[in-house]
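To find a chain, count down the sequence lines: A is the first, B the second, and so on, and within it residues start at 1.
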There are 2 protein chains.
Amino acid sequence: MAKVDTSLVAHLPLFAGMTPEALDEILREARSARYPRNSAIFEQGADAQCFFLLLHGHVRAAKTTPAGEQIVVRYVAPGETFGLAMAIGAARYPATATAVDDSVVLIWPTSAWPRLVERFPALAANTLQTVGTRLQESHTRILEMSTQQVEQRIAHALLRLAKQSGKKLDHGIEIDFPISRQDIAQMTGTTLHTVSRILSGWESQGLVESGRQRIILREPHRIVVLAERSADNGAA
Amino acid sequence: MAKVDTSLVAHLPLFAGMTPEALDEILREARSARYPRNSAIFEQGADAQCFFLLLHGHVRAAKTTPAGEQIVVRYVAPGETFGLAMAIGAARYPATATAVDDSVVLIWPTSAWPRLVERFPALAANTLQTVGTRLQESHTRILEMSTQQVEQRIAHALLRLAKQSGKKLDHGIEIDFPISRQDIAQMTGTTLHTVSRILSGWESQGLVESGRQRIILREPHRIVVLAERSADNGAA
DNA sequence: CAACCAGTTTGCGTTAGCGCAAAACAGGGT
DNA sequence: ACCCTGTTTTGCGCTAACGCAAACTGGTTG
């Protein structure tokens with residue numbers, strides 16, 4: 001089994017407050033794997049045999065309705081865990097995970113979780129922290145969907161992506177993984193048509209520069225203004 | 001300090017897998033309090049000095065935007081915990097909690113949490129389970145808001161309330177705490193006007209019976225049909 | 001018992017955003 | 001270099017739901 005360098009992951013929230021020996025012991029139970037761009041990591045409904053830690057790349061977690069409509073639950077950035085079905089006592093994955101870029105992950109068998117938690121209680125505490133934060137973010141998203149209109153939601157979504165996975169450019173920030181209009185629509189609860197129209201509008205105002213699965217925020221500050229503008233204080 | 005009967009709470013998920021002695025020790029750190037109907041338990045943004053376990057009554061957790069709009073995050077039923085800001089490492093409550101009915105709660109000081117978790121690791125594991133479940137429910141809600149129309153969302157919301165806090169009647173199920181049209185609107189991301197219109201419609205079809213802060217589902221099965229109907233297979 | 005008040009109902013005009021359809025576009029593979 | 005496929009753009013009509021305004025209801029209070 002390939003050895004994982006502890007120094008690369010020691011600083012992650014998941015391992016906060018752990019001794020190097022503990023970390024070493026935990027990592028010994030993991031294997032690593034590479035997923036090429038656009039490959040499935042696991043499918044919604046499959047039994048949750050493993051949980052994951054993303055080392056490199058980007059992963060999209062999406063949920064599908066019986067009718068086949070999808071929403072993006074979140075984009076996973078390097079250093080984050082995903083596929084934690086066992087944390088909530090679920091036997092099956094509640095969402096589908098896809099590598100949107102060539103990705104490298106650490107993989108633990110779900111069966112190892114109880115033992116690891118027993119031996120390293122900090123693991124449960126740290127995971128609780130993470131899951132709690134995600135719950136908050138979820139609530140914020142619900143709040144936005146309930147109270148803001150589409151343009152503002154898209155602005156927020158892009159700013160969040162920029163913060164989480166933005167690559168600083170000379171002038172602007174680029175979302176550094178492939179993302180389509182459709183994906184943004186599924187993050188914000190709208191349609192790809194509406195997203196396209198809005199981004200076109202922004203592009204003609206010089207706020208963004210975008211193309212095939214590529215988005216650069218040229219004027220982040222002005223986008224923040226859009227995001228925070230309430231329903232009535234529209235354009236002058 | 002009033003003594004709490006362990007047998008009343010021993011079966012709760014929060015205390016799963018704990019010895020009676022452990023439970024006793026945990027309960028010794030708690031005090032109990034009573035909140036009359038419509039009284040505030042804590043406010044969004046206040047520092048999170050305590051966390052709570054609801055024994056009797058019902059509590060509404062709501063989040064407010066800077067602009068003053070509200071959404072209902074969830075209704076807390078007896079046996080559930082709330083105000084777990086410390087679980088996610090937040091210093092302040094992310095939402096406001098209000099007793100919607102005369103309620104009795106157990107209260108622990110947030111400061112006791114680290115010690116309790118260290119002494120009883122199962123506490124963290126159980127809480128993780130709970131928070132994880134709530135995260136899933138959140139995602140389901142986002143999915144619904146993205147893909148379903150208002151009538152279906154309201155149907156789902158009422159069915160959920162009925163399941164969580166429904167009182168079985170001879171014919172039908174009554175939501176057994178006061179809930180207004182406005183509240184339902186804030187749960188489903190719509191306006192009280194729209195909720196009122198839809199409930200009026202249902203009432204004239206005999207699906208529900210409702211009045212001032214009171215709702216009885218008379219035909220739960222037919223409401224399930226409404227909830228599951230996809231966008232296109234409308235009325236015959 | 002009357003006045004009040006919070007919650008509810010309903011009508012009506014408006015509109016943000018959807019849905020369909022079709023065209024333009026951009027890569028990647030052979 | 002060319003085709004093929006997946007993505008993006010844009011036009012146009014439509015409608016679900018909003019927003020405002022006004023009337024109504026039933027429980028509570030002085």
Side-chain angles (χ1 to χ4, degrees), chain A residues 36-38 67-71 98 100 102 144-155 157 175 177-205 208-216 226 229-232 234-235, chain B residues 36-38 60 67-71 98 100 144-155 175 177-205 208-216 226 229-235:
Chain A
R37 182 170 166 186
N38 287 330
E69 292 149 305
Q70 278 200 339
I71 61 148
T98 312
V100 293
D102 291 353
E144 285 178 5
M145 289 191 62
S146 300
T147 61
Q148 306 186 324
Q149 36 202 85
V150 172
E151 184 171 35
Q152 297 166 57
R153 301 206 302 265
I154 294 176
I175 312 283
F177 57 84
I179 184 166
S180 70
R181 306 291 185 260
Q182 175 77 62
D183 293 321
I184 295 169
Q186 291 174 346
M187 296 179 73
T188 51
T190 181
T191 64
L192 82 164
H193 303 274
T194 299
V195 173
S196 179
R197 280 181 244 271
I198 286 172
L199 287 187
S200 292
W202 290 0
E203 187 133 25
S204 68
Q205 294 169 57
V208 302
E209 200 180 314
S210 75
R212 207 186 174 64
Q213 317 218 73
R214 218 181 92 266
I215 301 179
I216 300 171
L226 283 187
R229 163 161 101 193
S230 73
D232 40 64
Chain B
R37 181 169 166 187
N38 288 330
R60 179 184 56 227
E69 293 149 305
Q70 277 201 339
I71 61 149
T98 312
V100 294
E144 286 178 5
M145 290 191 62
S146 300
T147 62
Q148 306 186 326
Q149 36 202 87
V150 172
E151 185 172 34
Q152 299 166 57
R153 302 207 300 266
I154 294 175
I175 312 284
F177 57 85
I179 183 166
S180 71
R181 306 291 184 261
Q182 175 78 65
D183 292 323
I184 295 170
Q186 291 174 347
M187 296 179 73
T188 52
T190 180
T191 63
L192 83 163
H193 305 275
T194 299
V195 173
S196 180
R197 281 181 243 273
I198 285 173
L199 287 187
S200 293
W202 290 0
E203 188 133 22
S204 68
Q205 294 169 56
V208 302
E209 199 179 315
S210 76
R212 207 186 174 66
Q213 315 216 80
R214 218 182 92 266
I215 301 180
I216 300 171
L226 283 186
R229 161 163 102 195
S230 73
D232 41 64
N233 62 344

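One donor-acceptor pair, N or O on each side, does fall under 3.5 Å between the base of D/dG19 and the side chain of B/Arg197. B/His193 contributes no side-chain N or O that forms a donor-acceptor pair with the base of C/dT8 under 3.5 Å.
Phosphate proximity of C/dG19 to A/Thr191: absent, as no side-chain N or O sits under 4.0 Å from OP1 or OP2. A sub-4.0 Å separation between OP1 or OP2 of D/dG6 and a side-chain N or O of A/Ser180 is absent. Applying the 4.0 Å criterion to OP1 and OP2 of C/dC18, one finds that A/Thr194 has a side-chain N or O inside that range.
Proximity of B/Gln152 to B/Glu144: side-chain heavy atoms (C-beta onward) are nowhere separated by under 4.5 Å. Put simply, the side chain of B/Gln70 does not reach to within 4.5 Å of the side chain of B/Gln182, judged on heavy atoms. By the 4.5 Å heavy-atom criterion applied to side chains, A/Ile184 and A/Ile215 are counted as neighbours.
The distance from atom CD1 of A/Ile198 to atom C1' of C/dC18 is 12 Å, rounded to the nearest whole Å. Across the protein-nucleic acid pair, B/Leu199 atom CG and D/dA17 atom C1' stand 15 Å apart, rounded to whole Å. B/Glu209 has its CD atom 15 Å from the P atom of C/dT8, to the nearest Å. Taking atom CD of B/Gln186 as the reference point, atom P of D/dC18 lies 13 Å away to the nearest angstrom. Nucleotide D/dG6 holds its P atom 10 Å from the CZ atom of A/Arg212, rounded to whole Å. Between B/Gln149 atom CD and D/dA16 atom C1' the separation is 7 Å, expressed in whole Å. One interatomic measurement links the two molecules: CD of A/Glu151 to C1' of C/dA16, which rounds to 12 Å at whole-angstrom precision. Here C/dT8 presents its C1' atom at 13 Å from CZ of B/Arg214, a figure rounded to the nearest Å.
Ranking D/dT8, C/dT9, D/dC18 by closeness to the A/Leu192 side chain, first place goes to D/dT8. The side chain of A/Ser200 sits closest to D/dT9 out of D/dC20, C/dC18, D/dT9.
DNA chain C is contacted by both B/Gly201 and A/Gln148; B/Gly201 maps to the nucleotide lying nearer its 5′ end (nearest heavy atom per residue).
Of all heavy-atom pairs between A/Val208 and A/Leu199, the closest is CG2-O, 4.0 Å. When all heavy atoms are compared, the tightest approach of A/Arg214 to A/Arg181 is O-NH1, 4.5 Å.
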